[in-house]
Amino acid sequence: MAADLSHLKDELNPEQYQAVMTTEGPILIIAGAGSGKTRVITYRIAHMLDAGIPQSQILALTFTNKAAREMETRVKELTGRKLQNLTIATFHAFGVKILRQDIERLGWRTNFSIYDETDRNALIKETGRELQFTADALDVYKIGILFSDIKTGRKNWTAASDMYRQLYEGYQQGLRLYNAVDFDDLITLPIRLFREHPDVLARYKDRYRYLMVDEFQDTSHQQYELMRALAGQNVAVVGDDDQSIYSWRGADYQNIINFEHDFPGMKEIRLEQNYRSTETILAAANGVISHNTNRKDKTLWSGNGGGKPIEIYMPENETAEAQFITESIRSICLQEKRKYDDFCILMRTNTQSRPLEEQFLQENIPYVMSGGTSFFQRKEIKDIISYLRVIANHDDDVNLLRIINTPRRGIGRTTIERLNETARTLDVPLWEAITAVISADESESGISESTRDDLRSFVTFIENNRTMLSGKGLAKKVRALVEEIRYFDWLIAENPKSEKAARFKYLNVESLINSMDTWENNPDTKDANLYAYLNRITLLSRDDLDDGEEKGKVNLMTIHAAKGLEFPVVFIAGAEEGIVPHARAVEEGGNAAVEEERRLFYVAITRARDKLFISACRHRRRLRDVIACEGSRFLDEIPASLVAYHEPPQAVDAKAAQDILAAMRKSFTKPIVPGFGRKG
DNA sequence: GTGTTTACTTTTTTT
DNA sequence: AAGTAAACAC
């Protein structure tokens with residue numbers, strides 16, 4: 001089916017239409033929540049293709065893989081074309097693409113490893129130990145953040161941080177030696193590449209004539225630099241300062257101001273009509289966000305009619321909260337004939353998901369938790385991936401150390417220390433030290449012959465698996481590897497108390513292998529080799545794996561993960577002081593941080609189309625003990641006329657809890673609070 | 001030299 | 001509850 005865009009004018013409002021038709025020159029689209037942003041972007045691309053602009057000239061940058069994928073499918077649907085040459089990617093994925101092509105010019109080899117936070121911290125720890133840092137001074141978590149700030153120019157060295165300068169140098173050298181780059185490098189190295197090698201930049205500028213950046217309010221200075229380096233005149237950026245929620249990762253919505261300066265003649269288009277939410281929900285959102293001082297003034301309006309009041313409930317604890325949510329979902333499903341995937345539960349932190357997931361399992365309600373502790377952060381997954389990384393890049397010390405004795409193969413602490421010394425004196429990666437030690441005539445290394453045998457078989461094992469680098473059947477080979485190292489036995493041994501846990505972990509490994517299989521058999525996968533797989537994998541999160549699986553399931557996610565999405569019925573769980581706004585944000589960042597938390601809450605509210613429930617527990621379990629909680633300050637910022645409160649349950653013992661539950665069940669056929677269920 | 005036990009802290013949000 | 005580091009046992 002060919003594109004039929006002749007009715008564009010009827011399908012879009014005047015501002016949207018203008019945004020779609022303005023393909024030449026710089027434009028800034030300020031798109032309020034629910035104002036049809038995705039629609040505008042996809043129509044805009046479709047229109048450009050329709051106007052004869054080749055796919056290869058268009059580059060669209062997003063923040064999440066999910067957004068990129070969604071954009072691609074929508075354009076595909078709209079145009080009915082195959083999109084082989086259209087580039088829609090996240091900033092980081094695009095960075096990888098650039099580096100895969102030309103990183104050799106910067107001194108790395110093309111089979112470089114990408115280090116995530118865990119890997120980065122491991123490398124910092126390792127380097128710190130070599131430099132004799134005391135355990136006290138070596139808070140790798142904090143140092144990792146510091147290094148990221150330094151690398152991206154967010155911070156300079158200060159008297160306080162100066163003691164880590166040498167460590168930073170060591171860290172950087174480590175990356176170079178192990179042929180690895182970290183997440184920040186995925187943006188900063190392309191910038192450097194473009195600066196130092198104008199011919200490379202020219203190639204990209206020549207190719208990409210039309211640039212588009214989504215969620216522009218969340219671009220960092222580095223990402224903005226990258227964009228600016230590539231941009232000619234035809235740049236469209238789309239954003240909303242009220243939805244800027246990534247400042248802790250370097251996002252700065254001042255880039256919107258910078259854009260006005262750097263691209264003179266820029267056209268600004270504002271999308272202020274909300275098509276998503278009821279007037280009630282929108283009024284609540286506006287009421288909250290209006291408390292922020294530092295923002296572009298906006299008047300979002302909705303033509304969608306009143307809607308139901310926003311329901312606020314204060315359950316006794318998180319179990320009661322989870323029960324309230326599942327009960328509500330059940331009855332709304334029945335009453336309004338909704339499907340499970342119409343519901344979304346939003347949380348501030350990942351840890352909030354546990355009691356909810358338990359309740360869902362118990363009640364047999366299917367759910368998907370997107371994001372969360374990323375699938376790829378799981379130990380069992382990282383173990384297997386580490387094997388693959390070492391196979392792809394022997395010099396990757398961080399991953400080598402991870403697997404060299406996992407499962408146990410008799411290579412213990414002292415051996416590793418010895419190898420480290422050898423590596424340090426020769427100034428080579430561990431792998432080379434190992435090969436040197438095992439091929440030496442006598443055991444001058446101080447490593448026993450039997451241990452050297454263990455090392456030899458390890459090296460042989462890795463070498464034998466290099467067949468993965470080419471040819472077909474990657475998943476099959478990985479499965480064989482997992483069997484050969486007897487990973488399941490290891491999991492059982494490591495989880496002596498719970499075979500269930502071991503089994504669960506093994507299932508995760510299984511689903512990793514399955515996803516490899518689908519990936520390599522997907523016709524859209526261009527080169528199904530190990531390198532391509534590894535480059536891709538580090539940038540993915542859980543929900544990028546099981547595509548299509550989320551149909552018919554209740555959605556659970558953090559507010560951050562929900563950006564850009566919408567659901568008919570939304571629950572915001574844990575709307576308590578200390579959670580939103582998060583205690584850490586309040587104590588560390590002062591007012592600016594509270595404003596960001598408020599934006600976060602605003603994003604949460606504006607995900608809802610028809611119905612919004614907010615719950616705040618009176619007590620919550622934290623660490624060991626139970627603490628008393630207060631409702632979030634943001635709750636008071638919702639105009640009272642829009643809210644219906646649930647009657648709080650009085651008792652906590654089991655019997656009373658049953659009664660409350662029974663009352664709650666009834667409450668959906670007959671409101672226990674006057675006004676609930678009626679139009680406000 | 002290696003593997004197991006025990007004491008101890010802890011990380012908000014994600015590419 | 002889970003991951004880490006140091007102490008302890010083999």
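First the proteins, then the strands, lettered A, B, ... as listed; each starts at 1. The structure displayed is predicted, hence computed values, not measured ones. For the numbers below, each heavy atom of this structure counts, side chains included, while hydrogens, waters and symmetry mates do not.
The side chain of T414(A) has dT2(B) as its nearest neighbour among dT14(B), dT12(B), dT2(B). For Y246(A), whose side chain is taken as the heavy atoms from C-beta onward, the closest listed nucleotide among dT11(B), dT13(B), dT14(B) is dT14(B). Listed nucleotides: dT15(B), dT13(B), dT2(B). Nearest to the side chain of T451(A): dT2(B). Comparing dT13(B), dT15(B), dG1(B) by their nearest atom to the side chain of L539(A) picks out dT15(B). For T415(A), the side-chain atoms get nearest to dG1(B) when compared with the rest of dG1(B), dT13(B), dT12(B).
Residue R409(A) contributes atom CZ, which lies 16 Å from atom C1' of dG3(B) at whole-angstrom precision. Remark: P of dT12(B) and CZ of R620(A) are 14 Å apart, rounded to the nearest angstrom. Here dA1(C) presents its P atom at 14 Å from CZ of R622(A), a figure rounded to the nearest Å. For the pair K151(A) NZ and dT15(B) P, the computed distance is 19 Å after rounding to whole Å. Atom OH in Y141(A) sits about 16 Å away from atom P in dG3(C), given to the nearest Å. Rounded to an integer number of Å, the gap from NZ of K505(A) to C1' of dA1(C) is 11 Å. At whole-Å resolution of the value, CD in E417(A) and C1' in dA5(C) are 15 Å apart. If you measure from atom CG of L401(A) to atom P of dT4(C), you get 14 Å, rounded to the nearest angstrom.
Contact annotation: side chain of R413(A) to base of dG3(B), donor-acceptor pair present below 3.5 Å. Side chain R348(A) to base dT13(B): a donor-acceptor pair is found below 3.5 Å.
Judged by the 6.0 Å distance and 45° axis criteria, K563(A) is positioned over the aromatic ring of F63(A). Remark: R408(A) is not positioned above the aromatic ring of W490(A), lacking an NZ or CZ atom under 6.0 angstrom from the ring centre and at most 45 degrees off the axis. A cation-pi arrangement is not found for R599(A) relative to Y602(A), the charged atom failing to lie both closer than 6.0 Å to the ring centre and inside a 45° cone about the ring normal.
Among the atoms of the strands shown, none is found under 4.0 Å from any heavy atom of R599(A). Nucleic acid contact for R408(A): sugar-phosphate only, since backbone atoms but no base atoms lie under 4.0 Å from a heavy atom of the residue. Residue contacts shown for D116(A) are absent, as no nucleic acid heavy atom lies under 4.0 Å away. As judged by a 4.0 angstrom heavy-atom cut-off over every strand, K125(A) is placed among residues touching the sugar-phosphate backbone only. In this structure, F91(A) reaches neither bases nor backbone, as no heavy-atom distance under 4.0 Å exists between it and the strands shown.
Listed pair R584(A) / dT12(B) meets the phosphate criterion, a side-chain N or O lying under 4.0 Å from OP1 or OP2. The phosphate of dT14(B) has OP1 or OP2 within less than 4.0 Å of a side-chain N or O from T558(A). The phosphate of dT14(B) has neither OP1 nor OP2 within less than 4.0 Å of any side-chain N or O from N65(A). At least one side-chain nitrogen or oxygen of N350(A) sits closer than 4.0 Å to the OP1 or OP2 atom of dT14(B).
Aromatic stacking is marked for W248(A) over dT13(B), as both cut-offs hold: 5.5 Å for the centres and 30° for the planes. In this structure, H92(A) does not pack face-to-face on the six-membered ring of dT15(B), missing the 5.5 Å centre cutoff or the 30° plane limit.
Listed by chain and residue number, R424(A) satisfy the salt bridge (charged side-chain N to carboxylate O under 4.0 Å, His left out) test with E417(A) (two or more places apart in sequence, or in another chain). Taking E577(A) as the reference, R633(A) meet the salt bridge (charged side-chain N to carboxylate O under 4.0 Å, His left out) condition, with sequence neighbours excluded.
There is no side-chain donor-acceptor pair under 3.5 Å between Q222(A) and K151(A).
Each of R354(A) and R129(A) was assigned the nucleotide of DNA chain C with the nearest heavy atom; the assignment lying further toward the 5' end belongs to R354(A). Comparing G412(A) and E596(A) by the nucleotide of DNA chain B whose heavy atom lies nearest to each, the residue mapping closer to the 5' end is G412(A). Of the two residues near DNA chain B, R418(A) and H560(A), the one whose nearest nucleotide lies more 5' is R418(A).
Taking the six-membered ring where the residue is Trp, the centroids of F634(A) and H291(A) are separated by 6.0 Å or more.
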